[in-house]
Amino acid sequence: MAKISALSGFPEWLPAERIVEQHVIDTFRRVAELHGFSGLETRAVEPMSQLLRKGEIDKEVYVLRRLHAEDDGADADPDRQLGLHFDLTVPLARYVLEHQNNLAFPFRRFQIQKVWRGERPQDGRFREFYQADLDVIGQDVLPDHIEAEVAIVMAEILAQLPLPGFTIHANNRRLSEGFFTSIGLTDIPAVLRSLDKLAKIGPEKVAELLVADAGATDEQARACLAFAGIRTADDSFAQQVRALGASGEMLEQGIAELAAVLRRVNAAVPGACVADLSIARGLDYYTGTVFETFVHGHESLGSICSGGRYDRLAADNRHTYPGVGLSIGLTRVVSRLLSTGSVRASRPVPTCVLVSVADEEHRAASEAVASRLRARGIPTEIAASAARFGKQIKAADKRSIPFVWFPGAEGEEDQVRDIRTGEQVAADADTWTPAAEDLRPQILSESAALSENRVASEG
């Protein structure tokens, strides 16, 4: 047999770790559905011509090909060649165009699905990972208030996850472009690319890039850095921007849009959102508010959730499809929580009750008890063998199953034992109910209880 080894970038969790991941997935789904988002799953493959539209990710796409594919020229034709999707936005654009006649707009969709990206594996970076998206898509028009609404839903999701705290950082494309134009800069994409490197290379190097690549003067470079340094928890960012000497219709429109998002998000989830004018990534793609989200104490992980407003998700000869979307790299979050020991499952199995077996002749009686418990929603399994009761209890304890059930002999009552305390009482499979926290594995957070999740603000 060939030597078995792990594949870098393709995580596989142990059962207890998978319970944590499933909790994150279930929380995302539950909150999204509470806000009226419909679950969606698209195919794993798309034509290479669609996947490569952006161009910059062409080295990361996994191409799909049969081992003994016929040499019919398909591999050279990007419209016939298939690749695994690297995000969920490209599939969404195709899905909306393909099914537009069967969708009601605005279309509210959430999607939790694996994606594949051939990048170098490292901390927080995987080749196969779960991504979770929230999007609201309009047909030709989409109200501005949707930008805050999607951010509110995401903030509520994050607030229910076992995180030590988080902050959503927001900027606005019109605000940034209006400011840079107002101070006389013309190559806006070059300005954004330079400012995007602030965290990596620092302000001095960025100032040099602004002069060399964006054609800025030293004074303009200093103004850009001052702009990017503005961070507030309220709309006072507007006064600081104007104090830098900028003005104009686009600037004021961006200020108004960002201020409205800040007020609405923080009214719904207090302290969740700050204005951070250093955010530049994606501003050449997004057309309104843009978001990035950071976990307190884990800033090295980078943004765990990003997105914003885009006015041309897709278009055909009849309609354009504007949208607002936010995306979480679920596997990145789960991996960090598990690797730091911040979160664990209370037990590695869903089983709440192990029904003992006195002997193989009476296994049917144990099966009957298990069926009655399962019918009432209590996760139950039956002992694998009719070993001594002590060994059956030990087997349950090894797997952290909290209760062992002993079917009574004819004319006798059943008994159930809490093996954590040793307490044993008479019980009826049609009425006995465990405590809510024992029914299913609980997610235990070392940083804070789930009900006390802190949403702290910066600024």
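Going from atom NE2 of His319 over to atom CD of Gln100 covers 6.0 Å, rounded to the nearest 0.5 Å. Put simply, CZ on Phe110 and OG on Ser327 are 14.0 Å apart, with the number rounded to the nearest 0.5 Å.
In summary, the side chains of Glu249 and Gln253 do not present any donor paired with an acceptor at a separation below 3.5 Å, with no hydrogens or angles considered. For the 3.5 Å distance criterion, the side chains of Glu292 and Ser303 fail to qualify, holding no donor opposite an acceptor. Looking at Arg376 and Thr433, their side chains do bring a donor and an acceptor atom within 3.5 Å of each other. Under 3.5 Å, the side chains of Thr42 and Gln111 contain a donor-acceptor pair of N or O atoms.
Relative to the ring axis of Tyr286, Arg309 does not place its NZ or CZ within 45° and under 6.0 Å from the centre. Relative to the ring axis of Phe403, Arg420 places its NZ or CZ within 45° and under 6.0 Å from the centre.
Of all heavy-atom pairs spanning Ala221 and Ala216, the tightest one is N-CB, 4.2 Å. Of all the heavy atoms in Ile443 and Val343, the pair that sits closest is CG2-CG1, 3.3 Å. Here the closest non-hydrogen pair linking Leu97 and Asp316 is CD2-OD2, 4.0 Å.
Remark: Glu12 CD is loosely packed, at most 12 non-hydrogen atoms of other residues, nucleotides or ligands lying under 6.0 Å away. Glu98 CD: more than 12 foreign heavy atoms inside a 6.0 Å radius.
Salt bridge status for Glu21 with Arg18: present, with a side-chain N to carboxylate O gap under 4.0 Å.
Among residues at least two apart or in separate chains, there is no side-chain hydrogen bond (donor to acceptor under 3.5 Å, both in side chains) pair with a member in residues 191-205. Counting only residues at least two apart or in different chains, side-chain hydrogen bond (donor to acceptor under 3.5 Å, both in side chains) contacts with residues 177-190 comprise Arg173-Glu177.
Judged purely by atom type and a 3.5 angstrom limit, Thr380 has no side-chain atom pairing as donor or acceptor with the backbone of Leu373.
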